[in-house]
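Keep in mind it's a predicted model, so treat the numbers as computed, not measured. The chains referred to below are lettered A, B, ... by the order of the sequence lines, with proteins before strands, and numbering in each begins at 1.
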2 protein chains.
Amino acid sequence: MRRLPSRPITATDVARAAGVSQSAVSRTFTPGASVAPATRAKVLEAVKLLGYRPNALARSLITGRSRIVAVVMAYLDNQFYPDVLEELSGRLQERDHQVLLFTAKNGSASDPLLDQVMRYQVDAVVLASTTLSSALARECRAAGVPVVLFNRTTDDPDVSSVTGDNLGGAERIAAFLAAGGHRALAFMAGSETSSTNRDRERGFLRGIARAGLPKPTRVVGHYTLAGAAEATRALLSGPARPDAIFCANDHMAIACIDVARHAFGLRVPEDLSVVGFDDVGAAAWRGYDLTTFSQPLQPMVEATVGTLMDLLENPEEPPRAAVIKGELVVRGSARLPAGGFTTHEGRRVWRP
Amino acid sequence: MRRLPSRPITATDVARAAGVSQSAVSRTFTPGASVAPATRAKVLEAVKLLGYRPNALARSLITGRSRIVAVVMAYLDNQFYPDVLEELSGRLQERDHQVLLFTAKNGSASDPLLDQVMRYQVDAVVLASTTLSSALARECRAAGVPVVLFNRTTDDPDVSSVTGDNLGGAERIAAFLAAGGHRALAFMAGSETSSTNRDRERGFLRGIARAGLPKPTRVVGHYTLAGAAEATRALLSGPARPDAIFCANDHMAIACIDVARHAFGLRVPEDLSVVGFDDVGAAAWRGYDLTTFSQPLQPMVEATVGTLMDLLENPEEPPRAAVIKGELVVRGSARLPAGGFTTHEGRRVWRP
DNA sequence: CCAGGATTTGCATAGGTATGCATAGGGCGC
DNA sequence: GCGCCCTATGCATACCTATGCAAATCCTGG
């Protein structure tokens with residue numbers, strides 16, 4: 001019963017079976033095209049009979065739209081990204097677009113990758129990798145392909161981006177830690193070349209200055225678990241042990257807590273407060289119960305898809321730099337200030 | 001300086017610039033084609049000058065190969081899957097193939113999804129979703145598209161699959177718990193329709209029978225955090241509290257530990273042992289330190305890609321059902337037997 | 001019953017590349 | 001120096017669908 005797929009069924013086959021022209025078949029699958037209901041019915045019957053499916057590639061060749069969006073990602077072990085991916089893919093599928101996924105090895109050159117992206121005639125590109133050189137963005141734009149940077153910005157004011165409130169969030173974290181009575185703060189940087197890290201550090205420093213606290217100790221965790229663990233060890237072995245660490249993302253904060261607890265026997269938050277950024281799923285796990293500034297997934301993805309669709313309609317659209325507000329979600333990994341708590345969407349949050 | 005993308009550069013443009021025919025350009029990009037080095041050089045120069053990139057879609061139209069592999073996934077919040085995705089995508093990119101990602105909402109019908117998959121003329125499909133109906137697999141095969149089931153099997157002996165050692169692993173877990181002196185075992189099922197769950201349950205029961213222990217209590221966690229939390233509450237509130245729970249995957253085991261510790265004040269493993277399956281990254285986090293049976297990612301993905309490539313070369317290839325062996329990775333979430341420990345790739349493992 | 005407008009239909013072509021075939025060119029041996 | 005063979009090249013066509021245009025059909029109102 002293993003019937004060989006003799007030859008793929010084409011629109012011409014369907015046309016012959018339905019006794020109409022190939023054009024009629026095409027129009028049946030083109031929304032808004034002019035087809036008589038009777039013809040349409042005949043066509044659909046033949047389609048069902050033969051198991052025909054339009055060839056999206058051939059269609060793209062003519063229309064110049066592939067309905068494919070390239071998504072470039074790295075760090076998929078940081079839960080934030082798969083969550084973004086799932087949401088993004090879902091939203092795009094809803095709008096009849098597909099996701100062509102490119103995973104960038106962390107240190108790898110982006111050139112061959114860009115080549116592949118361009119060859120597939122993607123309609124747009126979402127760059128959701130903090131590390132990739134912004135050359136990629138520039139080249140895409142040069143080729144006339146709309147680009148949206150996700151969770152990342154670049155100096156080029158001509159490229160659209162969607163980010164969380166890195167500056168404001170980090171500043172609020174500083175205020176929160178100051179209000180909680182911490183005096184010796186530390187900052188664990190992620191990847192030093194990333195814009196998220198730059199903004200979060202800048203915001204944190206600004207908040208610290210405002211609170212009149214001394215400059216924080218600084219270590220680098222490279223946005224990886226291993227890097228964060230090592231950075232934590234360095235920090236806690238040093239002469240001036242901090243009483244609070246702000247890690248540039250949740251992923252690192254988790255490693256930080258693990259090391260503090262199990263390698264140094266510290267209690268969190270009694271001996272050491274740890275705060276993260278992103279509010280990934282694991283931050284709510286009771287084993288970590290992480291206080292963190294949220295990057296609201298759905299609004300961020302909606303802004304991305306919205307920008308994308310607008311750019312597809314009109315490539316001349318001026319670029320947007322959307323900054324999606326978040327909240328400081330208070331859990332149990334940092335000592336609490338006396339007041340300032342509110343409830344937001346069922347979670348306890350803090351505002352200065 | 002915003003140069004409008006006047007018109008995409010085609011091979012004909014390059015040919016004109018290089019003073020050769022369009023065929024020569026095409027052959028320059030076709031490995032093994034007959035082109036004189038001098039011609040090739042002229043072409044490449046023009047290519048660079050104009051910024052030409054071959055149109056992969058047009059190429060696919062002729063060759064009948066798109067070099068696109070559809071990957072259908074769900075449950076991206078279970079860390080196992082993004083890890084698989086990253087590895088799979090990397091391996092396929094190495095072999096010049098691209099990943100078209102389809103995320104299946106957990107309960108959704110697979111038909112419109114299948115339609116999209118087929119329209120894009122993908123060369124092959126990887127089904128990595130425990131929930132999706134096997135109708136999808138059947139239909140793909142009917143259309144002559146190679147399918148590999150990942151972490152899942154089906155009754156149809158004609159479709160290839162790659163899984164971990166669900167039966168053997170679960171059986172070993174039972175033996176491990178028995179050797180550790182547990183007497184009242186419980187099993188937390190995942191999605192009851194999935195083959196992984198079926199096999200893990202079957203293996204667990206077999207191991208229990210072999211050890212001469214009574215049948216385990218059974219709850220269902222649906223492979224979700226919320227489901228697992230509720231199942232754990234039901235289990236621990238019940239009359240006969242178990243002294244060990246085998247959760248059908250790590251994702252659920254984590255929720256289980258959280259509830260046991262924080263809602264019931266139990267100590268893990270002193271009051272309750274918890275064992276998972278998969279050995280995801282989070283299992284090694286010190287906050288959970290989960291004992292679990294590993295599904296080795298790289299071998300599984302390699303087997304998948306290997307099968308895929310072979311099927312692409314020869315669609316008549318007989319189907320394979322690869323079962324990748326794993327190890328019982330011993331950490332701190334379950335009471336330990338007296339002996340049976342070994343070291344395997346730097347991790348402590350247990351063999352009966 | 002007819003004219004005229006609106007709607008539907010088919011024809012032909014385009015979109016960018018790969019490839020079979022025939023031809024042109026080059027090198028080598030005798 | 002000639003012939004032969006092998007390599008390199010160009011021409012023409014095919015892949016499958018969408019769409020402008022002209023022709024055909026239908027419907028409506030007078």
A:Leu61 has an atom CG; how far is it from atom C1' of C:dT13, in whole Å? 13 Å
Taking only side-chain N and O atoms of A:Ser26, does any of them lie within less than 4.0 angstrom of OP1 or OP2 on D:dA18? yes
N/O donor-acceptor pair under 3.5 Å between B:Ser160 side chain and B:Arg320 backbone: yes
B:Arg53 CZ to C:dT17 P, straight-line distance once rounded to whole Å: 13 Å
With respect to the side chain of B:Ser34, which nucleotide from D:dT7, C:dT17, C:dT8 is positioned closest? D:dT7
Mind calculating the distance between CZ (B:Arg65) and C1' (C:dT17) to the nearest angstrom? 17 Å
In whole Å, I'd like the distance from the CD1 atom of A:Ile62 to the C1' atom of D:dA18. 4 Å
Are the side chain of B:Asp13 and the backbone N or O of B:Thr10 linked by a donor-acceptor pair below 3.5 Å? yes
Find the distance B:Arg16:CZ to C:dG16:C1' and express it as a whole number of Å. 13 Å
Nucleotide N/O to protein N/O under 3.5 Å, stretch nucleotides 10-12 of chain C:
from   : atom 1 : to      : atom 2 : distance (Å)
C:dG10 : OP2    : A:Ser21 : N      : 3.1
C:dG10 : OP2    : A:Ser21 : OG     : 3.0
C:dG10 : N7     : A:Arg27 : NH2    : 2.7
C:dG10 : O6     : A:Arg27 : NH2    : 2.9
C:dC11 : N4     : A:Ser23 : OG     : 2.8

With DNA chain C as reference, determine whether B:Val25 or A:Arg40 sits nearer its 5' end, using the nearest nucleotide of each. A:Arg40
Return the value, rounded to whole Å, for the distance between atom CZ of A:Arg67 and atom P of D:dT17. 17 Å
Measure from the side-chain heavy atoms of B:Arg59 and tell me the nearest of D:dC16, C:dT8, C:dA18. C:dA18
Can you tell me if A:Tyr52 touches the phosphate of D:dC16, counting only side-chain N or O atoms and a distance under 4.0 Å to OP1 or OP2? no
Could you state the interatomic distance from CG (A:Asn151) to CG (A:Leu127), rounded to the nearest 0.5 Å? 12.0 Å
Roughly how many Å is it from OH in B:Tyr120 to C1' in D:dC16, rounded to a whole number? 15 Å
Check whether any side-chain heavy atom of A:Glu86 sits under 4.5 Å from a side-chain heavy atom of B:Tyr81, and report yes or no. no
Distance flag, aromatic centroids of A:Tyr120 and A:Phe102, threshold under 6.0 Å: no
Atom-pair distance (CG on B:Leu57; P on C:dA18), nearest Å: 12 Å
Can you tell me how far the NE2 atom of A:His97 sits from the CE atom of A:Met309, to the nearest 0.5 Å? 4.0 Å
Can a salt bridge be assigned to the pair B:Glu45 and B:Lys42 using a cut-off of 4.0 Å between side-chain N and carboxylate O? no
